[in-house]
Amino acid sequence: MPISIDRHEVQRLVEQGSAQLVEVLPPAEFEEAHLPGAINISLKELNRESTGVLNKDAPVIVY
Amino acid sequence: MSPRAAWRLETLGFTRVYDYVAGKTDWSAAGLPLEGSTASISKAADAIRGSDVTCSLDETLEVVQARVESAGTSACIVTTDDGIVLGRIRGRALQGDPDTTAEQAMSAGPSTIRPDTELAEVVEYYGEAGIKSVLVSDQDGRLIGTVYIEDARKILNSS
């Protein structure tokens, strides 16, 4: 089950070095502003192929 | 969107999925950095002076006066132990009876802005009203600092 976290947890996971940040909003919103280091896979495009770039063994933080 | 995305990732075999439900609005409102085409727009966070004098409700004006004088500032922000803004003491109120408590002397509930407020809007709104400074807090009401309109104008003029 996904774990809901706050921004302090996001910072902690990112500082640990292995967290993968994924913004799931549309590309235009990602382009305007996104968390540092985040990649964009919009909800509509979230599938086996598009998530192939992610490491399944590392934490993934979606927002 | 993110809860559905989080669950979808689990169906795709991801086992360490976290959902930052509050999202980048929360991140930005806390003054944390963002990347992207709007990241270069000057925000309140860019003009914050972090040298505020603070005090608690039960401290006396004698203590507050000494603290303000020592810091060379002109106001004291009254906060909880966690830094939540409750009030502000400045001007004539700072010169009151030394035995008065901060709670008695303060103006309660001063206006605050978020760190991601565009600086141009801050200057337009507060500067036009002749206000010299405005407090910046996060969305929980926790004090981050003060933006002085003169500082904001300098930043905007140099960018």
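Keep in mind that the numbers below use all heavy atoms, side chains included, and drop hydrogens, waters and symmetry copies.
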Subject >> Close contacts, residues 20-37 of chain B versus chain A, judged by heavy atoms under 4.5 Å >> reply: B/Tyr20, B/Val21, B/Gly23, B/Lys24, B/Asp26, B/Trp27, B/Ala30, B/Leu32, B/Pro33, B/Leu34, B/Glu35, B/Gly36, B/Ser37
Original post:
For the atom pair CD1 (A/Ile3) and CG (B/Asp19), what is the distance rounded to the nearest 0.5 Å?
Top reply: 10.5 Å
**OP:** Answer with side chain, backbone, both or neither: which region of A/Leu25 has an atom nearer than 4.5 Å to a non-hydrogen atom of chain B?
**Re:** both
Original post:
Got more than 12 heavy atoms from elsewhere within 6.0 Å of CZ, B/Arg8?
Top reply: yes
Original post:
Hey, what do you get for CG (B/Leu9) to NZ (A/Lys56), rounding to the nearest 0.5 Å?
Top reply: 9.5 Å
Original post:
Could you name the residues of residues 112-150 of chain B that have a heavy atom within less than 4.5 Å of a heavy atom in chain A?
Top reply: B/Asp138, B/Gln139, B/Asp140
Original post:
Just how far is it from atom CD1 of A/Ile61 to atom CZ of B/Arg16, taken to the nearest 0.5 Å?
Top reply: 10.5 Å
Original post:
Cluster question for you: counting only ILVMFWY and a side-chain heavy-atom cut-off of under 4.5 Å, with indirect links fine, are B/Val85 and B/Leu57 together?
Top reply: no
**OP:** Just grab all the ring-ring contact (aromatic ring centres under 6.0 Å, His included) pairs involving residues 33-63 of chain A, residues at least two apart or on different chains.
**Re:** A/Phe30-A/His34
**OP:** Could you look at A/Ala19 and say if it's the side chain, the backbone, both or neither that has a heavy atom under 4.5 Å from chain B?
**Re:** neither
Original post:
Between CG of A/Leu21 and OH of B/Tyr18, what distance do you get to the nearest 0.5 Å?
Top reply: 12.5 Å
Original post:
Got a sec, which pairs hit salt bridge (charged side-chain N to carboxylate O under 4.0 Å, His left out) with one end in residues 25-49 of chain A, sequence neighbours left out?
Top reply: none
